Amino acid sequence: MQRLLVDSHAHVDAPRFKKDRDAVLRAAFAGGIGYIVDPGCDLESSRAALALAQSYPGQIFAAVGVHPHEATSYNEEVEAQLRSLARAPEVVAIGEFGLDYFRMLSPRDVQRAVFCAHLELARSCNLPCIIHVRDAHEDVMELLRAHGRGLRGVFHCFSGDVAQAEECLSFEGFMLSFAGPLTRPGNALPAVASLVPLDRVLVETDSPYLVPLPLRARRNEPLFVKYVAQKLAEIRGLTLDEIAQITTANATRLFGLGERHEAV
């Protein structure tokens with residue numbers, strides 16, 4: 001089947017897919033999802049994402065990193081292990097990492113230090129970044145200005161307003177990714193989606209979280225990225241096929257999926 005969409009961020013290695021993971025993935029690929037990028041949240045899940053990518057060569061790709069909730073687990077040994085994992089051809093990014101001041105499961109100073117360590121890891125590995133931001137926009141911008149120049153990546157599951165989006169896009173190598181919240185009322189995301197340059201936009205599910213409307217499922221899955229893409233198409237006055245082509249080209253370019261596919 002023709003490759004239609006890329007789910008640029010899906011935690012299909014997560015325990016919530018343990019019982020039916022293969023069936024979920026078969027449904028996604030049969031339904032037109034061409035590639036899935038599975039980011040790690042800590043060392044264990046980074047290893048799991050890579051193992052899953054190796055089980056689905058050319059369809060699933062991995063990212064390796066430590067989520068800000070788990071920042072206190074980061075140390076020199078973890079960094080060395082992540083660096084080793086990043087050498088695998090199936091690994092296409094460093095992440096997800098970032099700052100999360102909403103839940104504050106790791107101290108702010110630890111989050112900031114680990115954020116900077118990931119930026120340096122991405123630079124040394126020549127891989128894009130997958131950045132998580134929640135209630136921490138100003139600090140992320142500060143650290144990127146100081147330590148992220150010349151890097152590339154994506155602000156995953158973007159949740160900010162137009163002014164914040166413009167500031168994120170001032171980093172030329174970065175894209176914005178939209179997930180289920182784009183389909184929900186009461187936020188600024190439609191305004192952001194109407195303005196973001198089309199060559200700098202991605203779609204994702206963030207599975208198993210953030211089920212898009214109109215679905216009432218309890219668990220998100222990669223197949224459902226089409227609802228996010230459809231909403232983006234409506235906002236931009238384009239067809240789903242056009243948005244699929246645009247976002248797939250963007251994901252392929254950012255993550256080097258074609259290049260990595262050849263190496264697998």
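Please read these numbers as outputs of a predicted model, since none were measured by experiment.
To the nearest 0.5 Å, atom SG of residue Cys157 and atom CG of residue Leu202 are 12.5 Å apart. Here CG of Leu240 is found 7.5 Å from CG of Leu4. Values are rounded to the nearest 0.5 Å. Annotation: the span from Leu52 atom CG to Ile60 atom CD1 amounts to 4.0 Å, rounded to 0.5 Å. A distance of 11.0 Å separates CZ in Arg16 from CD in Glu221, rounded to the nearest 0.5 Å. Between Ser207 atom OG and Phe17 atom CZ the span is 4.5 Å, to the nearest 0.5 Å. Remark: Leu144 CG to Arg149 CZ distance equals 8.5 Å, nearest 0.5 Å.
In this structure, a donor-acceptor pair under 3.5 Å is present between the side chains of Asp42 and Ser45. Looking at Tyr56 and Asp22, their side chains do bring a donor and an acceptor atom within 3.5 Å of each other. Counting only N and O atoms by type, the side chains of Asp7 and Thr205 include a donor and acceptor under 3.5 Å apart.
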Report, one line per pair, each donor and acceptor closer than 3.5 Å where one atom sits in a side chain of residues 61-69; sequence neighbours left out.
from, atom 1, to, atom 2, distance (Å)
His67, ND1, His69, N, 2.9
His67, NE2, His132, ND1, 3.4

Show me the side-chain donor-acceptor pairs of residues 173-181 shorter than 3.5 Å, one per line, residues at least two apart or across chains.
from, atom 1, to, atom 2, distance (Å)
Ser177, OG, Ser8, OG, 3.4
Ser177, OG, Glu204, OE2, 2.8

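The aromatic ring centroids of His147 and Phe115 lie 6.0 Å or more from each other.
With sequence neighbours left out, the ring-ring contact (aromatic ring centres under 6.0 Å, His included) criterion links Phe224 to no other residue. By the side-chain contact (heavy atoms from CB on, under 4.5 Å) test, Arg236 pairs with Val196, Leu198, Leu232, Leu238, sequence neighbours left out. Residues satisfying the side-chain contact (heavy atoms from CB on, under 4.5 Å) criterion with Arg83, sequence neighbours excluded, are Glu79, Arg87, Leu121, Ser124, Cys125. For Asp139, the side-chain contact (heavy atoms from CB on, under 4.5 Å) partners are Leu99, Tyr101, Arg108, Arg112, Glu142, not counting sequence neighbours. In this structure, Asn75 has no side-chain hydrogen bond (donor to acceptor under 3.5 Å, both in side chains) partners at least two apart in sequence or on a different chain. Checked against salt bridge (charged side-chain N to carboxylate O under 4.0 Å, His left out), Asp20 has the following partners two or more places apart in sequence or in another chain: Arg219. Partners of Gln81 according to the side-chain contact (heavy atoms from CB on, under 4.5 Å) rule, which considers only residues two or more places apart in sequence or in another chain, are Leu43, Arg47, Glu77.
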(message) With side chain to side chain contact (heavy atoms under 4.5 Å, CB included) as the criterion, how do Val91 and Leu50 come out once you've worked through the C-alpha distance, each side chain's angles and the decisive distance to 0.1 Å?
(response) CA-CA 7 Å; Val91 175; Leu50 175 55; 3.9 Å; yes
(request) Report the C-alpha separation of Thr247 and Val201 in whole Å, then their side-chain angles, then the decisive distance to 0.1 Å, and conclude whether the side chain to side chain contact (heavy atoms under 4.5 Å, CB included) test is met. (result) CA-CA 6 Å; Thr247 56; Val201 62; 4.3 Å; yes
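Hydrophobic clustering keeps Leu213 apart from Phe158 (ILVMFWY residues linked when any side-chain heavy atoms are closer than 4.5 Å, directly or through intermediates). Transitive grouping of hydrophobic side chains (ILVMFWY, heavy atoms separated by less than 4.5 Å) brings Ile243 and Leu195 into a common cluster.
Here the closest non-hydrogen pair linking Ile235 and Leu182 is CD1-CD1, 3.8 Å.
Each salt bridge (charged side-chain N to carboxylate O under 4.0 Å, His left out) pair with one or both residues in residues 238-257, not counting sequence neighbours, would appear here, but there are none. Counting only residues at least two apart or on different chains, the salt bridge (charged side-chain N to carboxylate O under 4.0 Å, His left out) pairs with a member in residues 159-170 are Arg145-Glu167.
More than 12 heavy atoms of other residues, nucleotides or ligands sit less than 6.0 Å from atom CD of Gln54.
Taking Ile, Leu, Val, Met, Phe, Trp and Tyr as hydrophobic and joining them when side-chain heavy atoms fall under 4.5 Å apart, one finds Tyr209 in a cluster with Leu210.
In this structure, Gln111 contributes its side chain and Ser106 its backbone to a donor-acceptor pair below 3.5 Å.
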